[in-house]
Protein chains: 2
Amino acid sequence: MSWRKDKDQRRTERGYHHGNLKEALLQAALDLIAQKGAAGFTFADAARMAGVSPAAPYRHFRDRDELLSSIAQRGFEQFEATLAQAWDDGHPDTVTAFERVGRAYLDFARNEPAFYSAMFESGLPVDGNPTLQAASERAFAIIRAAAERLAALSPPGTPRPPALMMALHIWSMAHGVASLFARGDAARRKLPMTPEELLEAEVLIYLRGLGFPTDRRDAREPEAEKPAGPWGKPK
Amino acid sequence: MSWRKDKDQRRTERGYHHGNLKEALLQAALDLIAQKGAAGFTFADAARMAGVSPAAPYRHFRDRDELLSSIAQRGFEQFEATLAQAWDDGHPDTVTAFERVGRAYLDFARNEPAFYSAMFESGLPVDGNPTLQAASERAFAIIRAAAERLAALSPPGTPRPPALMMALHIWSMAHGVASLFARGDAARRKLPMTPEELLEAEVLIYLRGLGFPTDRRDAREPEAEKPAGPWGKPK
DNA sequence: AGCTTCATGTAAATAACTTTCACATGAGCT
DNA sequence: AGCTCATGTGAAAGTTATTTACATGAAGCT
């Protein structure tokens, strides 16, 4: 009875069997990771939060790492869904959709710190877990697909950039900005702009470097006016 | 005598007092973090490796976190030195030196995984530690100084980009590439190019987006030929 | 040399966490 | 009703973090 003061009361409430412990544990772990970081969360804590003994979780997860992996797994799936929704198959136009994906990346890092931690900061052996790796690659595939479409719009007369390389570049930008400026204490660095603005400008400058017009309209549309530039009008 | 089988022998070797325990602990921790990650390393392990009792480290570090902070601190100092050396005050020319800094960033991430982990992946409260934050900012200052010089070379006729923004952009690229592709398992993702090449191309495209000539010569020098482009000659 | 002091280590103790194992419970099936 | 198996419980062993009282010996003082 050491693991829970009101064990008996709780027991009365839910009976000997929890009924949905696996889900409860995942949720508890998510909350704990969000609070104390991926390193701080303990298996025992999750059990306590779910109202079961410290041994109970072992019926659902081999060990602490498997629970963490499960969370990362779900994180990647949710990440993929989020990015896919933001991309929306490139509607209404490729560039607009692309910018939306960038913001979605940052939003995810900020709104789902627990998932983000488990996915990128927990030190999990990503390559040792095929399922996890596959989930990770499906998420990246969204970015890659978007880059593919963008590359296809490459202005005539310029060499067409490899879409995979573009995707890796964009990914690294989004990940770098998210990791450095959009999470936890890091977010407190005094920036001259929001992480979203920072990333958007970065991507726009990059795309311009590839020869894309960067006035926020679909590249297929003709330019109507000179853009002010990604960092605002010079004064 | 449970903490070390040949305690007495070791004791004979070095006497009751270690003589340089603080350094020994830092080194041990560094080795352990490199092996098992920042999360895996334990205070007790470090003590064992140094040949002292589990309580001894507390004479030199308030707790496990302070040891980790000390390592991060040194990491940032070493990082700063590495970047400063690579930058070499912009010699022989700004762009060449700039590329060297990028490579130095990746080298550091790869050659000093323990430092890198402690600095960026340990979940330490960076902003809660003024000393650490200052060290971190000194390292970033190198990148910022380089960006400053680069911004000054901005081609006439184009609006001059804010150097701080450029520095943040470059930093995020380097950090993103390092985190995603130049560390641990992540390094095993099949890439069409090395992380160094990936980053270099990314930065070159970005700089071109800002209006810089990107033929790898100092921008002050006149262009002699059309560059093939950052991703090689199209075939 | 003899004495004192203080930084540096040790031992032992407490509390928490991880993981395992034998045993308990009760939900669902026959 | 009786069985069986998935799911929980208790208790135990092994680790770690951290504290506290005590030990050691290097450095300085007399």
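Residue numbers begin at 1 in each chain, while the letters A, B, ... track the order of the sequences.
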field: Salt bridge present between B:R138 and B:E80 (N-O < 4.0 angstrom)
entry: yes
message: Rounded to whole Å, please give me the gap between CD in B:E66 and P in D:dT18.
response: 11 Å
- prompt: How would you list all residue pairs meeting ring-ring contact (aromatic ring centres under 6.0 Å, His included) that involve residues 51-71 of chain B, not counting sequence neighbours?
  reply: B:F43-B:Y58
- prompt: Are there more than 12 heavy atoms of other residues, nucleotides or ligands under 6.0 Å from atom CD of A:Q85?
  reply: no
- prompt: Can you name the salt bridge (Lys or Arg N to Asp or Glu O under 4.0 Å) partners of B:E137, sequence neighbours left out?
  reply: A:K190
message: Contact list please: residues 26-44 of chain A against DNA chain C, heavy atoms, distance less than 4.0 Å, in numerical order.
response: A:T42, A:F43, A:A44
- prompt: Under 4.0 Å: is that the gap between some side-chain N or O of A:H60 and OP1 or OP2 of D:dG8?
  reply: yes
Pairs: protein N or O with nucleotides 20-24 of chain C N or O, under 3.5 Å:
{"residue": "C:dA24", "atom": "N3", "partner": "A:Y16", "partner atom": "OH", "Å": "3.2"}

task: Would you mind telling me which of C:dT19, C:dC17, D:dT9 lies closest to the side-chain atoms of A:R64?
output: C:dT19
- prompt: Please, which pairs that meet salt bridge (charged side-chain N to carboxylate O under 4.0 Å, His left out) have at least one residue in residues 16-34 of chain A, sequence neighbours excluded?
  reply: A:E23-A:R74
message: Using the salt bridge (Lys or Arg N to Asp or Glu O under 4.0 Å) criterion, which residues pair with A:E112? Sequence neighbours excluded.
response: none
task: For A:R59, check salt bridge (Lys or Arg N to Asp or Glu O under 4.0 Å) against everything at least two apart and list the hits.
output: none
field: salt bridge (Lys or Arg N to Asp or Glu O under 4.0 Å) partners for A:K36, two or more places apart
entry: A:D45
message: Please confirm whether the shortest side-chain N or O distance from A:R48 to OP1 or OP2 of C:dC17 is below 4.0 Å.
response: yes
message: From C-beta outward on A:D45, which listed nucleotide comes closest to its side chain: C:dC17, D:dT16, D:dA17?
response: C:dC17
- prompt: In terms of side-chain heavy atoms of B:L21, which of D:dG8, D:dT16, C:dG9 is nearest?
  reply: C:dG9
task: Go through the structure and list residues passing side-chain contact (heavy atoms from CB on, under 4.5 Å) with B:A44, not counting sequence neighbours.
output: B:T42, B:R48
- line: note: A:L25, atom CG; D:dG8, atom C1'; distance rounded to Å ~ 12 Å
task: Find which nucleotide of DNA chain C each of A:D63 and B:N20 is nearest to by heavy atoms, and output the residue with the more 5' nucleotide.
output: B:N20
query: Quick one: B:F61 CZ to C:dT8 C1', roughly how many Å, whole number?
result: 14 Å
